[in-house]
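Throughout, numbering of the chain's residues begins at 1 and tracks the sequence.
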Amino acid sequence: MPSPTAVLKRLVVGLPFRSDRLGETLLPKRLALPVFASDPLSSVAYATQEILLILALGGLAFLHLAPWVAAAIVVLLAVVVLSYRQVVQAYPSGGGSYEVASRNLGRPAGLVVAGALLVDYIMTVAVSVAAGVDNIISAVPGLNPYRVLINLGFVAFLTAMNLRGVRESGRAFAVPTYAFVAGVAVMIVLGLGRAIAGHAPVAESAGYQIRPEQVGLTGFAVAFLLLRAFASGCTALTGAEAISNGVPAFRKPKGRNAAKTMTAMGVIAIAMFGGITVLAMIANVRIAENACDLTGFRGDCANTPQRTVIAQIAAAVFGGDNTVLFYYMQAATALILVLAANTAFNGFPLLGSILAQDRYLPRQLHTRGDRLTFSNGILLLAIVAGLLIYVYDGVVSKLIQLYILGVFTSFTLCQAGMVRHWNRKLAEATSRAERHRFRLARAINAFGAVLTGLVLVVVLLTKFQHGAYLVVIAIPALYALMRAVRRHYDRVHDELLPDDESAILPSRVRAIVLVSTLHKPTQRAVAFARASRPDELTAITVNVDDQATRALQREWEKRDMGVGLKVIESPFREITRPLLGYVKNIRRSSPRDVVCVYVPEYVVGHWWENLLHNQSALRLKGRLLFMSGVMVVSVPWQLRSTKRRTPRRTEFSPGDVRRGITAPGEPAPKP
């Protein structure tokens, strides 16, 4: 009968897939869009808000500059989309920015990109979920005390859905994504239509005044404020590279389908971001980092949360905060923001798998789980993002400061790598048409590299003291970690290469059976050791109790075990050290001999029984494994409690399913 944990796993994850069904998990474009582009599509829900929050530091005087800041972000987003269209077609293997930088700029640049992307994916989960919960609280303010708990609940839900498989999560997330896009489209059309008709929507905060934190800004200070607003608004670009990392999940032709999905994502994101920004200006939305800076704010400014920008626009356009369309918009926004984290849940495991395959991260991240997903990467992402949400109380304004820096690091290095890629292609081109196409592609990527490089500098300067310094520390730390992992794997690989010396047979095999008392496990260990026909076989016991040792000797002789019992004295009642000393003496006297130590062990059926058995054996095995020329053989004895855990039918481990292993005479497990 399956254990309770196995039943729970099947309920959450589902039945395992065979390896030969991997092709069935590939995504058509209509599902790939919500899976890989939900982050950039959803970020429009808070990108305008981030611009207004920064401009509000100077009071009302600078809010009219928001459309110009938004226009610059639109240009940047268009350039990034065009640039990454080149990437997905040139590098369809799914490495994205990491592969481009590694191949064209060298491994160090590739690892910097990888570290930046890993940080960005983690922040995507934390920020997207926190922003989604913000919109839920905007509709139901009474949930504010449970903010962190709701955040962690959504992270757990996303983890479970992604463990079920990319295709299944794509189906689940497609409806909320398209519902959000449709809702924003209706809101923009209706809002602009009302404005053209002379009945412009008015936000609930339109009459508020903003108490400026920065007074008398001129010249350089104004420019810095605009740059900071631009850097915050660039959250609209987060996740734009995820499609380039997820190309292997697309149906064939992978590169072309990924490029079309990238274009669709860019067009939709630009239209929604531009429309929301225009409506925010028409409706005179007011918002500040601290609600107490809003003169006329209704409620307790210290405890009552402000409504988000998109919530204020929806209330103004749809006729109030009690209408069906308002609640629809808030629900769709909350869902898309929470599900935007799904972009990271697909990008992070794929990138982690590639890095693990290149031996820069633990190999476990390259292993596919029951549903053919990179389940270890999914779980790692969920744990780290959950910790960030807990530490920062799920507050978007705190988490957002750690965002974006990693994005533009990868953007810049990727585009620079693509320039070198096209230079190489130009040198190999044989026709004028090819050279023209390669020059155009190089120009796009070169412009993208310069533009994203400038933005990277702006983001670093404007956000450094507000928390971005943590990312500046995290990326080099990840770089150092990945290099250390690679050095370890290289060292182990070199050390384990076969040679002539390792193939030389030992002079003799000297077997030792460890004996604590004479019982069935000991009898089995002695019988197994004798069956292996060693050159020399000895049973060893350590004398920690004279009376018990003499009784053991009498019982040993009475049963005629066929093997001599040697007693090692231990005046200080230690077991491990005398046995290790005995084995070391054998190795010292006969270095070419192999010592094989047989350890009888209980196999128990309950976890708590492990606390009552095998502790001395575990300590001894742990020490023996570090001794050269010593082999340790565990001889298990299954207690009756294990029989209750024996399945009535053949069970398959995830590894067996992936390798297509079945029991003799039984069909393969059906998913």
**Prompt:** side-chain hydrogen bond (donor to acceptor under 3.5 Å, both in side chains) with Arg483: which residues, sequence neighbours excluded?
**Reply:**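 For Arg483, the residues satisfying side-chain hydrogen bond (donor to acceptor under 3.5 Å, both in side chains) (neighbours in sequence not counted) are Tyr479.
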For a quick test of your reading: what N or O donor-acceptor pairs under 3.5 Å do the side chains of residues 551-559 make, sequence neighbours left out?
{"residue": "Glu555", "atom": "OE2", "partner": "Arg559", "partner atom": "NE", "Å": "2.8"}
{"residue": "Trp556", "atom": "NE1", "partner": "Val563", "partner atom": "O", "Å": "2.7"}

Where [X] and [Y] come nearest, the two heavy atoms and their spacing:
{"X": "Gly115", "Y": "Leu478", "answer": "O-CD1, 3.6 Å"}
{"X": "Cys596", "Y": "Val633", "answer": "SG-CG2, 3.5 Å"}
{"X": "Gly417", "Y": "Val100", "answer": "C-CG1, 3.8 Å"}
{"X": "Arg530", "Y": "Gly562", "answer": "NH1-CA, 4.1 Å"}
{"X": "Pro362", "Y": "Ala356", "answer": "O-CB, 3.3 Å"}
{"X": "Ser628", "Y": "Arg587", "answer": "O-NE, 2.9 Å"}

Separation between [atom1] of [X] and [atom2] of [Y], rounded to the nearest 0.5 Å:
{"X": "Thr522", "Y": "Leu565", "atom1": "OG1", "atom2": "CG", "value": "10.0 Å"}
{"X": "Met482", "Y": "Leu111", "atom1": "CE", "atom2": "CG", "value": "5.0 Å"}
{"X": "Leu620", "Y": "Leu580", "atom1": "CG", "atom2": "CG", "value": "6.0 Å"}

Sequence neighbours left out, what passes ring pair (Phe, Tyr, Trp, His ring centres under 6.0 Å) with [X]? Give chain and number order.
{"X": "Phe348", "answer": "none"}
{"X": "Phe154", "answer": "none"}
{"X": "Phe250", "answer": "Phe36"}

**Asked** Who passes salt bridge (Lys or Arg N to Asp or Glu O under 4.0 Å) against Lys621, sequence neighbours left out?
**Response**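 Expected list: Glu601.
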**Message:** Could you walk me through whether Glu99 and Arg103 satisfy the salt bridge (charged side-chain N to carboxylate O under 4.0 Å, His left out) test, starting with their C-alpha distance in whole Å, then the side-chain angles of each, then the deciding distance to 0.1 Å, before giving a yes or no?
**Reply:** CA-CA 6 Å; Glu99 184 177 2; Arg103 288 195 184 185; 2.7 Å; yes
**Message:** A side-chain contact here means heavy atoms from C-beta on lying under 4.5 Å apart; do Leu388 and Met123 qualify?
**Reply:**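 In contact.
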**Asked** Heavy-atom distance under 4.5 Å between the side chains of Leu355 and Leu365, does that happen here?
**Response**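 Sidechains of Leu365 and Leu355: no contact.
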